[in-house]
Structures are given as structure tokens and as C-alpha cells.
Amino acid sequence: MKKDTGVDIEPIYYSAGLKKENKLQETPYNITKLLYFITKKTPPIKRLVYIGQDNKEKGTNDGKKDYEKSWWKSTWEFVTDLAKENKDTAKQMISDYALPFVKNPAIRKILDSLLKKI
């Protein structure tokens, strides 16, 4: 691909975990990696909507990187930078765009405490 187009790509192989009738569900593969790469290409201001995504079926990954940890790190770096730069905007974005979608109690608690500190 690079030779013909000059574009260097890294394909992501993933599976959501196929579930056929009367059979066990296959193990999901690279779902966290897929979310990590989607988030990396999403403008930072729009990443808050991903915070509420509680993926219970994470499955397995390719082992090249801790994608979940990297995803959380980049997401929280953006949230804390936003909070430092513009407290009012940060409060509004967390309240309007993150909290309504977060189902995980631990993450809700973190966001609530962050709102109180801002």
C-alpha cells in the first residue's frame, strides 16, 4: 500500500465476538484497540462522549500495548487540561456530555469529584 500510495497504514483486526444461535459466543478481539485508535483520531473536544462507553465484553487484544490504559490516559489528560484552561467550559462539558452517558459508578464518582474541584 505504501509503495503505491505513499500512505503508511496499520490495519486493525478486530471481532465483536460472533454469537450464533445455540452456540457459545466467540471471544471479542481488539475491541479496546479499535476504540483507542478511533479516539486518537477524534478531535479532543469530542472525546468526552467515549467516557461513558462501558465495554463489558473487552475480550482479548494483540498484546502490543495496553490500549485501555492508553485510552484512559489520553482522555483524562484532555479533561484535566480543559479544566485548567477554562473551568466553566469544563464544568459544562462534563455535566452535559460525559455524566449523562456514564454508567460505571467508579467513573461517575471520579467525574463528580472533578466537578467539585473545578
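All values reported here derive from a predicted model rather than from experimental measurement.
Taking CZ from Phe37 and OG1 from Thr32, the interatomic distance works out to 12.0 Å, rounded to the nearest 0.5 Å.
Residues forming a side chain to side chain contact (heavy atoms under 4.5 Å, CB included) with Thr42 (at least two apart in sequence, or on another chain): Ile38, Lys46, Arg47, Tyr50. Every side chain to side chain contact (heavy atoms under 4.5 Å, CB included) that Lys20 has, sequence neighbours left out, goes to Leu18, Lys23. Listed by chain and number, the residues in a side chain to side chain donor-acceptor pair (under 3.5 Å) with Lys109 amount to none (sequence neighbours excluded). Scanning for side chain to side chain contact (heavy atoms under 4.5 Å, CB included) contacts around Lys69 gives Asp66, with sequence neighbours left out.
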For residues 8-15, run the donor-acceptor check on the side chains, cut-off 3.5 Å, and write out each pair with its distance to 0.1 Å, sequence neighbours left out.
from, atom 1, to, atom 2, distance (Å)
Ser15, OG, Gly17, N, 3.2

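With a 6.0 Å radius and a threshold of 12 heavy atoms from other residues, nucleotides or ligands, Lys64 has its NZ atom at or below the threshold.
When every heavy atom of Lys65 is checked against every heavy atom of Ser70, the shortest pair comes out as CE-OG, 3.2 Å.
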